[in-house]
Structure formats: C-alpha cells, structure tokens
Engineer: 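One structure is given below, represented as structure tokens, and several questions about it will come after.
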Amino acid sequence: MNDDLRNLVDFERGTMSARIFNDPDIYRMECEKIFATSWLFLCHESQIPKTGDFFSTYMVEDPIVVVRQKDGSVAAFLNQCRHRGMRLCRADHGSAKAFTCPYHGWSYDISGKLMSVPMEECYGDKFDKEEWAARRVTRVESYKGLVFGCWSDAAPSLTEFLGPAAFYLDGLVDRLEGGTEVAGGVHKWVIQCNWKMAAEQFVNDMYHAPITHVSAVAAFMSEKYDAAEQSPDARDGRQWWTPQGHGGGYFTPKNSANPPMWVEDRSRKWLNETYDEAVQRVGALRAGRTSGHTTLFPNFSYLGGVNTLRVWHPRGPNQIEVWSWGLVDKKAPEDVKQAFRRGVVRAFGPSGMLEQDDGENWGQMQVIMRGQKARDTQLCYQMGAHLNEFDVEGAGPHVGSVFADRSARNFYTRWLQLMTAEEALA
Amino acid sequence: MSKTPNSVPDLDPALNMRVQQFYFHEAQMLDDKRFRDWLAMFDKSATYRVPIRRTMPPRERKVEFSSEHDLSIFDENYRDLEQRIEKLETGKAWAEEPPSRTRHCITNVRIWRDSENLLVRTNFSVFQGRFDRDTHYFFGERHDVLKESDGTFGLSLSSRLVLLDHTTLEVPSVSIFF
C-alpha cells in the first residue's frame, strides 16, 4: 500500500492521482494514520460557558460530547454507552447534570464517569463501575478559545501541533483584547465530496475565487470598487505553509485592515476602527491580514475578515458534513456582532453567496471520479513551482503570490508522510 | 418565533381564497424563475429569515430554532434578496447554472387577522432537481405577515419566517427560496 501511495503523489513532477479522493482503503488508512493522531477541532469555549454545558460534535465519524467541568476545564468523551454501544447524548447542545443512556439507563456524570446502573446487584460483586466510564478523548487542549481533541498519547502538544500556524491564527483570535466568541448556532450541511477537496481549497486556493465566485463578486461589488486595489490578480499576495501540513494564503495588507468585499459595512468599519489596537497587539501584517484563507491540518479551516470557522467532517470517502461557526470579537458592541453574523450567513453559510459555488464544484468532481479512467487521472499541482521561497519571522516559509500550489503540495506531502509512516507519527 | 393567536384561523371564504391565490401566484413566480416579480410581492421593508433548527434536550426545546441574535440559514432584508437575484442574473451563479427545477407546493393556509395585518401560516414542500439525478426535498412551515397593499390581490409580504423541518441540511448548498 505504501508504494502504491507514493505512486499516487509525485511532487517532483507536481502531479497527483484523483484516486486519493475516493479510494475506500485510503479513507480507512486516513482514519487510522491521520485523524487518530492529529488534533481535531471540537468547539469554541464560548459555546459551553457554564458547568454542565455540552456540545455534541464528531471526530471524523465518532460522536463526541464536549462538556464544561466543575473546575472550569473541558472534557470530551465518546458519545457511546459502554453497555451496548447506544448514543448517550442525543441533543446537539444544552446543559446537563448527567447523561443517561435511553436503552438500559446507565448513567454517566459530566466527566463521563459511570455513576449508576439500574439493578446493579444483578452484575454481582466483581462489577466495578470505574472500569466502565465513557471513553475519554485522550487529550483535550484549548488555544485562545478554540478547543481541540486528540486520541493519541504520542502526539505533540496542541501548541507544537499548531507550530508556526499559530502566528496567523493569532491574527484572527487574538487581534483584540478579550479575544473572540462564536455566534449562537452552527451551520451544518452535506456535500458529496471528499474531505480533502475542501481542506485543500482552504489551504491553497485563491486561484478559484475570481472564476468560481464571479457571480458573488459581481453582486457584492460596490460602486466604489477599485479594480486596481481590489481585483485579486492585481494585488500582491502570499502563500505560506508549515511542516505540520497547515497553510494558507492572503493578499498583503497595505497599512489597513484589508477586509474582504463581502463583509457588511458595519463589520468593515469595526475592522478599521480597531486597526490601531490590532497593530499594537499583533503587528501590522496580522492586524491587516483579515482576508486570507487557512486550513489547519487536517480538516479545520477558517477565513479571516468574514470570520467563519469550519470543520469538514468526513463521512466515508465520498461525503462530508460541513460544520461552520461564525466568530466575533468578544468586546464588540451588539450591532457589530450582528453585522459579522449576517456576513457569515450571507457569504459563507449553506445559502452563502460564495459558499454555494464551492459545494457545486466539489460535488461534481466527486461524482466524476467514480469512473475507472477518471479516478486514475493525474491532476496538475504545478502552479508556482518557479516561485522563490522566503521566510517570514515567526511564520516560516512563504512564496510571494497567492496563486500557487505550494501549500497544497505541502499539505499532501504531510499527508503522505503520515500515511506511509510505519508507526503513527504525528 | 412569530406569535400566532391561540384561536382558530379565519373562515371568511373570500379572504381565504384571496390569500391562497396570493401564495399560488408566489409559488408560480419562484418555479417560473421570475425572481424580480417574486421580490415585487414583498414590501421594501420586508424581512426574510430562515433559522437553524437543532435537536435540543426537553427543557431547552423552546430554543429549537436559532434566534435573530444567532446564525441563520437566511437573514435577509429586501435589498439582500435583491442582491441574491442579481447574483442569479449573472448567469454564472454555478449552483443555479444550470438552474434548479423547483416545485413549490403550498398547503394548509391558515389566516389570523390582527389590527392591521394578516398573520398567515402555510406548509410547504419543495422539490429541487438538478442535472440528471440530483434531487432534494425541503419541508417546513412559513410564518408570514401580509399587509393590505396595492400588490397582487391587494396584498404584500412584510415578513417571512421559514421554519424548516431539517436540522443538518442534506444539500451541497441552499440556492433556492422558500
């Protein structure tokens, strides 16, 4: 299998086989070698402020309950009863004192410890409830409000896992004093595509925007639109990547907050009003870098400026559930928060004027790749191979254009490294 | 959620006929892709919102739908809807090019009069077909406020709240109106 995999990805030539997007064996390996060893986004701390507040999510296809504990920490456990495997918590979110299985009534406390078993005497003396706690997610850590979980003991800490990607992430979550919170409500919808199509686009692809989103750009374009300043191909940009597989791209800001054209006027005003504070906190590059796209390997992506966060939850090799959050500055006044919420809904929710077009592409690519020939087609990942690489302090290697496949090649290089590792690497 | 009275709805046959025909006409505008004519059935100050629906524990079921202070599926005013139509009119809105074949079926029309307006609840089922085998269904209820005006059959839509019967949406995007 490893040799096969190495034949599918050839970045000497800059090619990759379409097969990595739909082969069921590759998907099974991804679950073991990538998702079981990586830090996966679970939720935002602001979703579960009080003891007992919970949020139901997934790590790939495993349902997970994330719960605020009495001591303020966050615990996460597999949403599965240890008795017969039934789902313990059947609500999307809420507040709980305990989780009681609806099948036979085994009841777990908010940390996942088994507290009571109906007719426990029938199990005899040797039965020990302590052995039958819900399966805890091995490690749960937060980074400035973002809660991640990891199944692997061997994985590095969350901070090490983020590596240089934390540099740009700070431009989103640590831009202002007080940090960020998420809006109420999570968008959830289904695209019949492989998870890597979405992750790859957010790690790498500004190239698609003027074509895929041409209708949205036309509709959002204000009369004040200045092609020389705002048209994507006329602007300086950069692409960056990290050894952990993360990466992104952005248009280089010119001493301004640089918001994308599809944010609301009030959001734009807020980004400009708070620009000076942001420069003081994180410097001009990140204070202004609000328009970029990013994926944190493997399947967590965000867009600055419009402030959408999303996980591409795989559902087998041919389907994803998109779970998408809207992020707002905690200290912003209510009208600003409302403007950011509306911006997320109107541009990047399931009905989003930009989002609509992406689902269209990925779904049709996936259908085509069912074909015997189509699945073995060599796809072109050669863009920007000629570009010089340079370092940005704190953020690692970059190229001086958003139009490149450099971050995608890095993403799949990391993917191949983990997939072909003898032992789970991480 | 919008408030509808606890009383039974209005039985006035003429009113019921007029409102029902208003909705049939509206559905026709959508299914015929006459989106500008559809929008003309709304007031300029109209709002159009589709909240997110969630599975909630029993004690919290009153917040099954996301509020106006949360994210929604749609959160639109008249100008926003117009902007979406402008997007469609470019002919390059790929989720609607080629366009969806839609069929809006509007049933269970119930009308209450308040002092100035009509509060109307309707059920809907919408079929969406694209290409050869892409088919999707949407079900739900619409809570509308209708105003007497010089619009179609003397009515116009001043607000619409669409309550979907779906939580996770099994569509690659929502590119149609309800």
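No hydrogens, no waters, no symmetry mates; every other heavy atom, side chains included, goes into these values. Everything numeric in this text was worked out from a predicted model, so none of it was measured. Every chain is numbered from 1 and lettered A, B, ... according to where its sequence line falls, protein lines coming before strand lines.
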Engineer: Are more than 12 heavy atoms from other residues, nucleotides or ligands located less than 6.0 Å from atom CZ of B:F124?
Structural biologist: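 Above 12, so yes.
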Engineer: Where is the tightest heavy-atom contact between A:R342 and B:D75, given as atom of each residue plus distance?
Structural biologist: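 Heavy-atom minimum between the residues: NH1-O, 3.0 Å.
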Engineer: For chain B, which candidate among A:K188, A:R346, A:H213 shows the most heavy-atom pairs at distances under 4.5 Å?
Structural biologist: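 Greatest number of close heavy-atom pairs with chain B: A:R346.
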Engineer: Taking B:R53 first and then A:D92, would you say they form a salt bridge - that is, a charged N and a carboxylate O separated by under 4.0 Å?
Structural biologist: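 No, no charged N to carboxylate O under 4.0 Å.
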Engineer: Below 4.5 Å from any heavy atom of chain B, which atoms of A:E321 appear? Answer side chain, backbone, both or neither.
Structural biologist: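 For A:E321, the contact with chain B is made by the side chain alone.
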Engineer: Indicate whether any N or O donor in one side chain lies under 3.5 Å from an N or O acceptor in the other, for A:S351 and B:R84.
Structural biologist: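 Yes, because at least one side-chain N or O of A:S351 sits under 3.5 Å from a partner of the opposite role on B:R84.
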Engineer: So, does A:H187 use its side chain to make a donor-acceptor pair with the main chain of B:S72 at under 3.5 Å?
Structural biologist: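 Confirmed, A:H187 side chain pairs with B:S72 backbone.
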Engineer: Check B:K92, B:E96, B:K87, B:E97 against A:D357 for a side-chain contact (heavy atoms from CB on, under 4.5 Å) and give me the one that passes.
Structural biologist: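 Going through B:K92, B:E96, B:K87, B:E97 one by one, the side-chain contact (heavy atoms from CB on, under 4.5 Å) with A:D357 is satisfied by B:K87 alone.
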Engineer: Is the side chain of A:Q338 donor-acceptor paired with the backbone N or O of B:E68 at a distance under 3.5 Å, no angle test?
Structural biologist: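 It does hold such a pair.
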Engineer: Give, as side chain, backbone, both or neither, the part of A:V186 having an atom under 4.5 angstrom from any heavy atom of chain B.
Structural biologist: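 Backbone only.
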Engineer: Of all heavy-atom pairs between B:I73 and A:V345, which one has the smallest distance, and what is that distance?
Structural biologist: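 Nearest pair, atom of B:I73 first, then A:V345: O-CG1, 3.6 Å.
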Engineer: Any sub-3.5 Å donor-acceptor pair from B:W94's side-chain atoms to A:T212's backbone N or O?
Structural biologist: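 Side chain of B:W94 to backbone of A:T212: a pair is present.
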Engineer: Non-hydrogen atoms of chain B under 4.5 Å away: do they reach the side chain of A:F340, the backbone, both or neither?
Structural biologist: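 Nothing of A:F340, per the 4.5 Å heavy-atom cut-off to chain B.
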Engineer: So, the side chain of B:E60 versus the backbone of A:S95: is there a donor-acceptor pair under 3.5 Å, distance only?
Structural biologist: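 Side chain of B:E60 to backbone of A:S95, a donor-acceptor pair under 3.5 Å: yes, one is there.
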Engineer: Counting distance only, does the side-chain N/O of A:Q356 pair as donor-acceptor with the main-chain N or O of B:V174 below 3.5 Å?
Structural biologist: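 Judged by distance alone, yes, a pair lies under 3.5 Å.
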